[in-house]
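Have a look at the structure below, then the notes.
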Amino acid sequence: MKFTIQKSEKTGQYWFRIVASNGNILASSEQYAQKSSAVSAVESIKQRAGDAEVVDET
């Protein structure tokens with residue numbers, strides 16, 4: 001799995017995607033005005049995701 005940082009040609013804003021090893025996009029973030037904000041969000045997820053609770057809301 002990997003994170004990719006994207007930049008919109010239209011708005012100039014940044015977002016990230018979580019991409020599976022087979023290339024499927026698993027998730028996309030909100031858009032950020034600054035690239036550093038998108039990078040910070042990725043780092044935050046990387047640090048905290050292992051402890052994340054799974055909540056079944058079905």
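Criterion: ILVMFWY side-chain heavy atoms under 4.5 Å apart, direct or through other members. Under it, Ile18 and Ile5 are part of a common hydrophobic cluster. Residue Leu26 is grouped with residue Val42 when hydrophobic side chains (ILVMFWY) are merged at heavy-atom distances under 4.5 angstrom, including chains of intermediate members. If you chain together hydrophobic residues whose side chains sit under 4.5 Å apart, Tyr32 and Val39 fall into the same group.
Atom-to-atom distance recorded for Trp15:CH2 and Ser29:OG is 8.5 Å, nearest 0.5 angstrom. To the nearest 0.5 Å, the span separating CZ on Arg48 from CD on Glu43 amounts to 10.5 Å. For the atom pair Tyr14 OH and Glu30 CD, the distance stands at 15.5 Å (nearest 0.5 Å). Note that the CD1 atom of Ile45 and the CZ atom of Phe16 stand 3.5 Å from one another [nearest 0.5 Å].
Contact annotation: the side chain of Gln6 approaches that of Arg17 to within less than 4.5 Å [non-hydrogen atoms, C-beta and beyond].
Side chain of Ser40 to backbone of Ser36: a donor-acceptor contact under 3.5 angstrom is found.
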